[in-house]
Number of protein chains: 2
Amino acid sequence: MGQAEHSPTREILRRLKAQWVEFLRSHSLNTTQQRENIVDAFLRSQEHVSIDQLLARVRKRNPKVGYATVYRTLRLLVESGLANPRQFEDGQTRYEVAGAHHDHLICVKCNMILEFESEEIERLQEQVAARLGGFRVLRHKHELYCLCPKAQGIPGGHCPNEKE
Amino acid sequence: MGQAEHSPTREILRRLKAQWVEFLRSHSLNTTQQRENIVDAFLRSQEHVSIDQLLARVRKRNPKVGYATVYRTLRLLVESGLANPRQFEDGQTRYEVAGAHHDHLICVKCNMILEFESEEIERLQEQVAARLGGFRVLRHKHELYCLCPKAQGIPGGHCPNEKE
DNA sequence: TTCAGTGCAAAATTTTTGCATTACG
DNA sequence: CGTAATGCAAAAATTTTGCACTGAA
């Protein structure tokens, strides 16, 4: 199964950390051991982490962190724009690092996942949101469920998955 | 809660109902009063219904239908392809009628859900898919998580939810 | 009549909250 | 020190399951 990994660059991570510090400051929130542990573990994670996974990682360093703190901190991470929640079909909410965001193209036959980005689409999204009543887009999800040329039965069609 | 309308045509509804009957038949499932009530209420619903909403509607006609039956029937509806589950970020799973596809704009503050369509975006999606390797787009999900003007703190800003 | 389907309530899951205690600033 | 934040456990909220009873075929 094709899995696209997106590791945020060190540069992005630095910016996100700064954003977090600024968020704490501007909301008069304290810096605590636990929050630091959780945020660091979250930013270090390179995929969509569930609460459980995140808690497990945090506890390796600081064994007595509780569930509630992870939930509360994750809520702050979402509010501050560092984390995006995603619901897959397993009933667990997972969180992805903002800035590692990509849209996905999925071939429904071979399950390959490609990523894409389109500035034009993003621009149109904002137009749509503005037109519908002055909304500001915070984030989005965009998934295209497709058939690759091969699965379409096109003569000589390839699946990018198997090329090269 | 503001819900945009997008009614499947009578023609589509008829086809879906036929699909349901065929599903029951081919899986040797019984037709029951409750299943009929639930499926009809679901197909009649013109937005994304949550379990609660659907149960409430069903109980108007048949007051002693239980939660469990709704859950179980909805699972069948998903299996049969009549319903698509959607997880927005308000913690409730919602279901939309297949064939009544639309994209969504969600206000993360008031949880209002609006629908939108943009031919331009759809055209760009196809361009993207073609460019990535000759893919054909079968369907897609597109969700914009936004803040309404009021939630943005814009002076005099309204939430379309409360206008009029 | 038979057994799939239902309703209820209890269990399992996931997330939130109340409150005494800890520790940041 | 004062009070925001934590940890724990209890409460909510959502979904699933067990089981005796009902009703479709």
Side-chain angles (χ1 to χ4, degrees), chain A residues 20-42 48-56 58-80 83-95, chain B residues 1 20-42 48-80 83-95 108 111:
Chain A
W20 171 247
V21 172
E22 171 57 19
F23 177 82
L24 291 182
R25 202 197 54 70
S26 64
H27 289 70
S28 307
L29 297 169
N30 288 340
T31 300
T32 68
Q33 200 62 54
Q34 289 88 331
R35 281 179 182 163
E36 288 299 291
N37 292 159
I38 293 168
V39 172
D40 287 344
F42 172 67
H48 306 263
V49 277
S50 65
I51 299 278
D52 277 342
Q53 292 172 328
L54 193 53
L55 181 65
V58 170
R59 280 188 171 162
K60 278 186 194 162
R61 300 204 164 232
N62 189 343
K64 50 181 174 308
V65 173
Y67 269 95
T69 303
V70 176
Y71 273 102
R72 290 188 273 230
T73 303
L74 235 9
R75 188 193 296 154
L76 294 177
L77 281 167
V78 171
E79 275 174 43
S80 70
N84 296 328
R86 308 270 320 202
Q87 312 269 162
F88 296 109
E89 300 86 45
D90 59 356
Q92 291 226 291
T93 302
R94 289 162 189 278
Y95 296 82
Chain B
M1 182 150 309
W20 171 247
V21 172
E22 171 56 19
F23 176 83
L24 292 183
R25 201 198 53 71
S26 64
H27 289 71
S28 307
L29 297 169
N30 288 339
T31 300
T32 68
Q33 201 62 52
Q34 290 89 331
R35 280 178 182 163
E36 287 300 289
N37 292 159
I38 293 168
V39 172
D40 287 344
F42 172 67
H48 311 93
V49 279
S50 64
I51 301 278
D52 277 342
Q53 293 172 328
L54 193 53
L55 181 65
R57 288 175 201 179
V58 169
R59 280 189 171 162
K60 279 186 194 161
R61 301 201 163 234
N62 189 342
K64 49 181 176 306
V65 173
Y67 269 96
T69 303
V70 176
Y71 273 100
R72 290 187 273 229
T73 303
L74 234 8
R75 189 190 296 155
L76 294 178
L77 281 167
V78 171
E79 276 174 42
S80 71
N84 298 138
R86 312 279 318 213
Q87 307 273 165
F88 298 115
E89 286 166 13
D90 62 352
Q92 292 227 291
T93 302
R94 290 164 189 277
Y95 297 82
V108 300
N111 284 322

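In what follows, every chain begins at residue 1, and chains take the letters A, B, ... in the order their sequences are listed. Excluded from the calculations below are hydrogen atoms, water molecules and symmetry mates; all remaining heavy atoms, backbone and side chain alike, are included.
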* **A:Leu76 CG - D:dT6 P separation (whole Å)** => 8 Å

* How many Å lie between CG on A:Leu74 and C1' on C:dT15, as a whole number? -> 12 Å

* Nearest of C:dA4, D:dA5, D:dT17 to any side-chain atom of B:Asn30? -> C:dA4

* To do: Check the distance between D:dA13's C1' and B:Gln92's CD and give it to me in whole angstrom.
  => 9 Å

* To do: Before giving the answer on side chain to side chain contact (heavy atoms under 4.5 Å, CB included), spell out for B:Val49 and B:Arg57 the whole-Å C-alpha distance, their side-chain angles and the decisive distance to 0.1 Å.
  => CA-CA 10 Å; B:Val49 279; B:Arg57 288 175 201 179; 3.4 Å; yes

* **D:dT15 phosphate, OP1 or OP2, under 4.0 Å from B:Tyr71 side-chain N/O** => yes

* **Which nucleotide in C:dC24, D:dA9, D:dT15 has an atom nearest any side-chain atom of A:Thr32** => C:dC24

* Asked: Could you give the CG-to-C1' distance, from B:Asp52 to D:dT14, as a whole number of Å?
  -> 9 Å

* Asked: Given the rule in the side chain to side chain contact (heavy atoms under 4.5 Å, CB included) test, do B:Phe88 and B:Val108 qualify, once you have shown the distances and angles that lead to the verdict?
  -> CA-CA 10 Å; B:Phe88 298 115; B:Val108 300; over 6 Å; no

* **Distance, rounded to the nearest Å, where A:Leu55 contributes CG and D:dC8 contributes P** => 11 Å

* **Donor-acceptor contact present, side-chain A:Thr73 to main-chain A:Val70, <3.5 Å** => no

* Length of the NZ-P vector between B:Lys64 and C:dA9, whole Å -> 15 Å

* Asked: Out of C:dC8, D:dC8, C:dG5, which nucleotide sits closest to the side chain of A:Ala68?
  -> D:dC8

* For the side chain of B:Thr31, counting heavy atoms from C-beta on, which of D:dA25, D:dT17, C:dC24 is nearest? -> D:dA25

* Of the listed nucleotides C:dT6, D:dC8, D:dA24, the one nearest the side chain of B:Arg72 -> C:dT6

* For B:Asn37 and C:dG5, what is the distance between atoms CG and P respectively, to the nearest whole Å? -> 16 Å

* Whole-Å gap separating P (C:dA23) and CD (A:Glu36) -> 16 Å

* Test item: A:His27 and A:Leu76 side chains (from C-beta on) under 4.5 Å apart, heavy atoms -> no

* To do: Would you indicate, yes or no, if D:dA5 has its OP1 or OP2 atom less than 4.0 angstrom from a side-chain nitrogen or oxygen of A:Gln34?
  => no

* Between B:Thr93 and D:dT15, does any side-chain N or O lie under 4.0 Å from OP1 or OP2? -> yes

* Is any side-chain heavy atom of A:Trp20 closer than 4.5 Å to a side-chain heavy atom of A:Leu77? -> yes

